[in-house]
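Computed over heavy atoms, backbone and side chain alike; hydrogens, waters and symmetry mates excluded. In what follows, every chain begins at residue 1, and chains take the letters A, B, ... in the order their sequences are listed.
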Amino acid sequence: MPNLMPALPEIFLACAAMAILMLGVFRKKDDMRATATLAVVAFAVTALLVSGLGSERTTTFGGMFVIDGFAVFMKTLVLVASGLAVVMSVGFLEREEIDRFEYPALMVLATLGMMMMISANNLMSLYLGLELQSLSLYVMAAYQRDSVRASEAGLKYFVLGALASGMLLYGASLIYGFAGSTDFEVLARTFAGGHGAPHAGVIVGIVFVVAGLAFKVSAVPFHMWTPDVYEGAPTPVTAFFSVAPKIAAFALFVRVMVGPFGDLADQWRQVIVFISLASMILGAFAAINQTNIKRLMAYSSIGHVGYGLIGLAVGNAAGIRGVLIYFAIYLFMNIGAFAVILSMRQKGRMVEGIEDLAGLSKTSPMMALAMAIFMFSMAGIPPLAGFWGKFYVFMAAIDAGLVTLAVIGVLASVVSAFYYLRIIKVMYFDEPVESFDRPIGRAMGAILAVSAIVIVAFTVVPSPLVTEAEAAASTLFGE
Amino acid sequence: MYVAAVFLPLIGAIVAGLFGRWIGDRGAQVVTCGLVGLSAILSIPIFLAVVIGGQPQSIELFTWMQSGSLDASWALKFDTLTAVMLIVVTWVSFMVHVYSIGYMHHDHSIPRFQSYLSLFTFFMLMLVTADNLIQLFFGWEGVGLASYLLIGFWYEKPSANAAAIKAFIVNRVGDFGFALGIFGAFFLFDSVVFDAIFAAAPDKAAETVVFFGTEWHAITIICLLLFVGAMGKSAQLGLHTWLPDAMEGPTPVSALIHAATMVTAGVFMVARMSPLFEYSDTALTVVTLVGAFTAIFAATVGCVQNDIKRIIAYSTCSQLGYMFFAIGVSAYQAAIFHLMTHAFFKALLFLGAGSVIHAMSDEQDIRRMGGIWRHIKLTWALMWIGSLALAGIPFFAGYFSKDMILEAAWGAHTPVGTLAFWLGIGAAFLTAFYSWRLLILTFHGQPRADEHVMAHVHESPPVMTVPLIVLAIGAIFAGFVGYESFVGHGMQEFWGNSILVLKGHDAIENAHHAPFWVKTLPVFVALAGIAMAYLFYMFAPALPKMLAARFQGAYQFLLNKWYFDELYDFLFVKPAFVLGQGFWKTGDGALIDGLGPDGVAAASRDIARRMSWLQSGYVYHYAFAMIIGVAAFVTWYMFNMG
Amino acid sequence: MIQALVFYMFAAIAVAGGVMVISARNPVHSVLFLILVFFNAAGLFLLLGAEFLAMVLVVVYVGAVAVLFLFVVMMLDINFLRFREGFLQYLPTGALVGLVLLVELALVFGTWTFAPDAASVSAAPAPDVAAVSNTEALGRLIYTDYFYLFQAAGMVLLVAMVGAILLTLRSRPGVRKQDIARQLARRKEDTLEVRKVPSGGGI
């Protein structure tokens, strides 16, 4: 009998998912209020369980599943992101009349997958967690099945995702072929020092694994699906995509790279540096021409992943701490920005053009202020939180001697400031065309306010998050 | 209690600022006044606990930044110095909050005003409770911001905007020095926390730094830089030009920020840094000189101004000069004592002036007033009290503190101190003169306003007069009550460790033993000033005009404020414009824009276009990109690993 | 020796079949080639001594999945030719990239080595094949060491099912479906009305 305690949150969430499904099926009405509420409650309880378990490193299920400080930190982020995403979705889906009870259930299942990814301690559990998450996401992308764009998005995501999974599996099989095990601890022992230059097959295997994971975090050149899927999928789904799965996939990325392959850092660093650079540059440049705000957010998220990858490329405790801080901040910036995007509704119709934001400062000043905060923060303008996120990864990079990476990162963030500031310019200096429908709803307003406050508050009170991130990062390095 | 006293105004500011629309004008007034009032009430037990109970407090809230040896926390430090400032700031602020209810009742954006006031109060409290230089700087910049917002409160008026910008920019010069001072302190002491700096100061007293090939006394450099910051904030000679213009703001703002509290931040800061300044005689000398010249300069200008608020503004400037030269002769206690009494009577004068302006339908020129004392007797009486206190007529608050400063300057027994003493005496004469000039022209004589205005002259409502009365009580009794503990025999016990005065710097001690003529001279010159004002403006009104005509040059010189603005305009503003124009048109427009931003921007757009072209929408393109990516990585490793 | 020969035969046919799956012009042929690939993969499993997996592959993939594919492909009238437009255009580049990757992988496999303790590590969790049957060995692992993965796979399948239903099931109005419960619940009174019709009067 394996020790079930470490996996208690996951078990609870799995049961909750099934309970939500049952409730949805046996209720006569096909709406999602009840299931969404349940899902939020489930996320909250799971988050409590996660934090209640403590951050002692424990493995279970024959070493397939691990919890540690890192897992607790990342799971908390993911649960917060998922919870907020559910809350943001309800209004939109109801107005679009696509509020079906499966939606929250799928979100819960996807989140379950993410938690399994974060806690993966074996290439196989990694893969299964990843697939559980991805499959849910494919379905969610195509969720608005009467919309051609959504179906197209779902299909593209699915096909490319399958390709990426194939690459991942291929890489995993090469690694297994060399080491004879898929267990992270065994792999770490196999690759630990001593054995000289690693075999080419292992490197190729790692390259394939990296390719598969890079797809999931949408790093260049495995990012191509991102803009299309972000644009095509229903907006709340996009909001969800841009945070929770990204954070979870990044957690997985970090765990794999510094865990089993930690001693091969000199080898894989080159790939990570490249995709980091490419992501930052592409995220900065390609967004400039966008007119659709969801597409813009897609490129923006690609850029942010690039910055996160800097921290991974550094590969020590300071770098990972930077990553953790970066994504914690990213979560709130993105959720907030999407809360604004979800409120872009004119005469009952959703609009997605950047130009539609014109004159927002006059029609809804508070919303414009919040959006301006998010945009400034994303652009990394001090003293907002986004600046500190970048600061920590850049500092880690410079300390580790990756100066070029940091310099190009700064340059890329300057370029990307162009389109963030353009949004602010449109909101504050262009004449309003038509105001958005009011009210935006209490939940939306609350999310906006909370996100904005978090972004501003981090400047004043950075220490809790920084300390937590530091503790979480150090657990990966057994310090 | 300690934390609440500081943060209640912030809560008020947030509530009134963000939710002003929902809670309405009345709600905003109630909330801000209530919270600041609560904070004022809390300040009393704090004062009692800290000063009378002799228990300085230091409350660490949480870490702010930690980077290498730079370690700054959000912490509240309460010692005697802070406690005194706390009382002054919260009570004056409270009075001004209440007064504003009446004064601003015509205004359209009352919640915004109240919110700014409360915000200012919060920053000011942050400043006085700071336990390290960084937090002090935070409060310092915060009050600067609040001051900017409040000067430009009537942002429809171009002059208000210009004044706000001027205040901000001139203060920036000072802040630059202040920031450099902080860097210097951190460089020398490897800490920004006061206690650590003060503890280390004696050891570093002889330290020198080599800079531009010359050796400098380290502490002197730091002190001078910090003093530059103080000069900016406290409008000392050279950086004073913003203060008179700042009178564009609503009158309660002038009373609170530009008379009672913010402008004294410089004095407070230097007093707080006394353990550093004490080790630099050079710095103290500079402080004395700047203070003394400011005192006399501002007093001369004040004598010929015609705007009621500007006269009081120059008077503020002059009084700040007094405080600084008191500091310069190591009489910090006297400076803070004067700071406190000054806060009461100057706020009283300003608010009284506001009441007059209110009564005269927004007329500010004293040449168009006169003869209104019969109509607004209460305001008139209160203005008299304020002026008596300001002129240092015996047993009003100003008498105790100003005389103490002058005696201390004499008691320093240094050439500079003696110079300061005589300049101070001269300023005292002028102070009395311009105060009575103001009183006589405003209240007495024949009415010079048109009948329409005169018909409307009315006493202000109680919500405005009650704060005036409270302040008047302060203006009468604060000096008498505080004398013994602030600068008298209870001094040591009262101040505890909050102010350090080295042995040998015993100006205050000497002051108590000053000869009779030193003690009485200020009173006599004040009376002489009053007498002269009566002569000029009551009995022989032709005399000033004649004098002005005779000494046309001197009169114009004073009227134009010693041509400081024109000088700065010529020295800095014009060249900056020319330089800016040059850089803009040729340097920036042609060269940098052409190659730089425009060129880079064009290139960026081009790259962007190519990149979006990559995004074709075809799945197999995407898949292809992924495979090429993997293939490229594998190839890279193949070649690299040989 | 014979084993090696058989292995290469199965492997070669599987790869060739795979190529045919994607290159056959007729989609029905593609599916048939897919079935061929499955059979050969099953043969490879047999060679490894994993007869249970081999049989499952045949039963599930060939018997169920591929046949379902066949139905779908035959029922949908899709012009697959149109999909192939532009195929030739990318063929040279694609072939080049593929070739490069292939050569590199060949290089890697040509010099393949194992980690020193790979064999012992990989053998550790499996039960003794000689002692227990294939099925039993799998069962032991799945329900013990790999229990977590087994459950996770179950969740994946659940998502797949939910997703399929969500994306395809729609309740159209006016569709006549058989509802046995309703049929059984019907009573005579609800449906039958007995009327006396006066003769010659009509209703």
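Closest heavy-atom contact between A54(C) and L46(C): CB-CG, 3.8 Å.
No part of L157(C) comes within reach of chain A, as not one of its non-hydrogen atoms sits under 4.5 angstrom from that chain. There is no contact between M140(A) and chain C, counting heavy-atom distances below 4.5 Å. Looking at L174(A), both its backbone and its side chain come within 4.5 Å of chain C, counting heavy atoms on both sides. Looking at L158(C), the atoms closer than 4.5 Å to chain A (heavy atoms on both sides) all sit in the side chain, from C-beta outward. The contact between L109(A) and chain C is made entirely by side chain atoms (from C-beta outward), counting heavy-atom distances below 4.5 Å. Looking at T144(C), neither its backbone nor its side chain comes within 4.5 Å of chain A, counting heavy atoms on both sides.
Dense packing is recorded around CZ of F10(C), with more than 12 heavy atoms of other residues, nucleotides or ligands lying under 6.0 Å away.
Scanning for side-chain contact (heavy atoms from CB on, under 4.5 Å) contacts around I98(A) gives L93(A), E96(A), Y143(A), Q144(A), with sequence neighbours left out.
Contact count against chain C (heavy-atom pairs under 4.5 Å) is highest for L135(A) among N122(A), V186(A), L135(A).
Note that OG1 of T60(A) and CZ of F147(C) are 10.5 Å apart. Values are rounded to the nearest 0.5 Å.
At least one side-chain heavy atom of S89(A) sits less than 4.5 Å from a side-chain heavy atom of M107(A).
When only modelled atom types and interatomic distance are considered, K75(A) and S119(A) share a side-chain donor-acceptor pair under 3.5 Å. Under the 3.5 Å distance criterion, with hydrogens and angles disregarded, no donor-acceptor pair is assigned to the side chains of S181(A) and Y176(A).
Residues of residues 145-159 of chain A placed with any heavy atom under 4.5 Å of a heavy atom in chain C are listed by number as R145(A), D146(A).
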